[in-house]
Amino acid sequence: MKRARIVRIILVVLISFIIFGPLSSLVIWSVAEKWYWPHLLPQQVGLFYWGKVFQGRMMQALQVGVLIACVVTVLSLIMTVPLGYVLARFRVPFKAAVLLIFLLPQAFPQLPVFANATVYLYRANLGGKVPGVILIHMVGALVYAVWTMTAVFKSIPASLEEAAINLGASRIRTFWNISLPLAMPGIIASALLIFLYSLDEFTGTLLVGSPFVLTLPVFMYNASQGYELPVASITALLLMVPGIILLLVLERYLKAEYLSSFGRI
Amino acid sequence: MEVRVENLSKNYGAVQALRDVNLSFVDGGLTAILGPSGCGKTTLLRCIAGFLEPTSGAIYFGDENVVGLPPQARGTAMVFQNYALWPHMSIFDNVAYGLRLQKLPKDEIRKRVIDALNMVEMMVAPDILERKPTALSGGQQQRVALARALVVRPKVLLLDEPLSNLDAKVRQRLRVELRRLQRQVGITTIYVTHDQEEALSMADQVVVMDCGEVRQVGTPEQIYRNPTTAFVAEFLGVTNVLAGTLTPDGKAVVAAGTRIPLPADVPASSDHYTVVFKADAAYILQDQPTPQDAVAFTGELVEVFFVGSTYRHYVKAGKEMLLVDSPSRVAGPSVNVVVPRAELKVYPGAPLGHDVEPTCSVG
């Protein structure tokens, strides 16, 4: 008994180290006011940079980033929930081609695709503006969204919808009453993916938005370019917060409402 | 409601899933559509429900041709093989769904839902209405699905292999209850199944289908005692199916080394014949002479199994293995399997199970 417990503790410590070890350097850097080689730990520790960050442009960058991520998520869902349903349920001509088109931008290296897109966005007077950044985020977000939505609706047995139609429900009503609620866990998961993707997106934001639209990843990049490692570390830590919160919320929500029935139908 | 199907055909590209089907379903009774998978029975049911549009033909509910009407407007209620209850809704909401669509007053909906659940004997616990379907067993889920279908008082009740996903014991019980319920409500019911026992035991009328065509229609007794084709006989699980060939004089068929005079109503038009008889219609004699109106196959007793109600004897006659059920164990090795003429059926064409081309290639 005792030995098993010791082994378990060692394992937990080991796993924690693997997960949190790399992060710990971020935490240390974020409070390091003075840290020169060859010292193992910072010579001077304090919250100077935290204060600086919260006063400065970083909070603004966080706000802009969250706003963009929200808009990207909502737009992607509005576009892909109906599309995914149609692709999953009906015989659509060129179905494979439609799905492939969404995949295409991801098939090539991101940099040339985004660099080319930037040229066009500037021509359309969208460069350096929030709508331009939203558009460039959509390129990546729609890929996740379309593919997951189609899979989610395909996983719902058609007989569940037929049962409603058979009892007199119209197609649209069936969609609202049956298909959409059943697809909700998948839609929420997909929304989360899109939101986090947009929040973390760097290449497109830098190319299209900089220097006028600043999101956290770009801010972090700028900070580390200026060798402000404490600022970059704080930014990195803050970037993780929305993801962790959303995952916790999602887990609670999914467990309570759907996970018990989903996959057992 | 009388339901009739006239000259119904359904093609999927080059594949003919239904070929010129003409049927009339017993008004207020239960008609079983029986056939192997891919025979078109589900296609027929889905055409009646309105989920599929037939390529040609008509479907009458009473005097009204419902072809072209959307499924919502047909007034049928369907029960699915996988129950198709909505997992995100409570039992009450599931059953009430059809009534809410009809915008009935709340009190009436509640009353009718409870009545329907009572009818299928699902008001088993005080909190049953609030439970989610996934908290129920398969048999209970199918009862709720049945309540959901019956509560809207449909013109026609359509059952698509409703018991196939259940285990044997539950299936047996639900068969009895389903039949009792169907009699009680008196709704014209169409029951699709591939289980011949289910069809024979539950139906007022049995329709045997194969390759998108109706092979035979009749009461369960007619179908079982007088199958008109070798396919029907074989599909109903007749235990002995022998391959026969016509004798040169065209007056008899030879099967398992025995000459069987061709019955008067069977034409001598084919080289190959199918000879069938049931295991319990035959009996074993050892040295006694064969009776006048019977045929005897000479063979060797290979094995005897005690199967509870009877002893099943395996007799090898020529290349064929004959099965004979008898109440007592017979000793071998050399025996005569005697089948009364009336119990022996001869059909033109080779048996399906003897390396012949299938009669169709429908999925």
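Reminder, nothing fancy here: chain letters follow the sequence lines and each chain counts from 1.
- Closest non-hydrogen pair, B:Asn82 versus A:Ser159, comes out as ND2-OG, 3.0 Å.
- Counting non-hydrogen atoms of other residues, nucleotides and ligands closer than 6.0 Å to CZ of B:Phe61 gives a total above 12.
- Residue A:Ala163 comes nearest to B:Ala84 through the heavy atom pair CB-O, 4.0 Å, listed as atom of the first residue, atom of the second, then distance.
- Across all their heavy atoms, B:Trp86 and A:Ala164 have their closest contact at CZ2-N, 3.5 Å.
- More than 12 heavy atoms of other shown residues, nucleotides or ligands fall within 6.0 angstrom of atom CZ in B:Arg4.
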Take A:Leu160 and B:Phe80 through the side chain to side chain contact (heavy atoms under 4.5 Å, CB included) test and state the conclusion after the steps. CA-CA 9 Å; A:Leu160 291 183; B:Phe80 297 82; over 6 Å; no
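- For chain A, the nearby parts of B:Arg148 are the backbone and the side chain; heavy atoms of each come within less than 4.5 Å.
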Would you sort out whether B:Arg46 and A:Glu162 count as a side chain to side chain contact (heavy atoms under 4.5 Å, CB included), showing the intermediate values? CA-CA 10 Å; B:Arg46 294 177 68 81; A:Glu162 286 170 354; 2.5 Å; yes
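- Remark: A:Ile172 CD1 is loosely packed, at most 12 non-hydrogen atoms of other residues, nucleotides or ligands lying under 6.0 Å away.
- By the neighbour-count criterion of 12 heavy atoms within 6.0 Å, atom CZ of A:Phe90 is densely surrounded, having more than that number from other residues, nucleotides or ligands.
- Atom CE of A:Met79 is surrounded by 12 or fewer heavy atoms from other residues, nucleotides or ligands within 6.0 Å.
- Atom CZ of A:Phe17 has 12 or fewer heavy atoms from other residues, nucleotides or ligands within 6.0 Å.
- Looking at A:Asn177 and B:Tyr97, their side chains come closer than 4.5 Å, going by heavy atoms from C-beta outward.
- Summarising the local packing, CG of B:Asp63 is surrounded by 12 or fewer heavy atoms from other residues, nucleotides or ligands at distances under 6.0 Å.
- Scanning both residues, A:Ile165 and B:Gln72, for their nearest heavy atoms gives O-CG, 3.4 Å.
- When all heavy atoms of B:Leu101 and A:Ala169 are compared, the pair lying nearest together is CD1-N, 3.4 Å.
- For the pair B:Met89 and A:Ile178, the tightest heavy-atom approach, listed with the atom from each and the gap, is CE-CD1, 3.7 Å.
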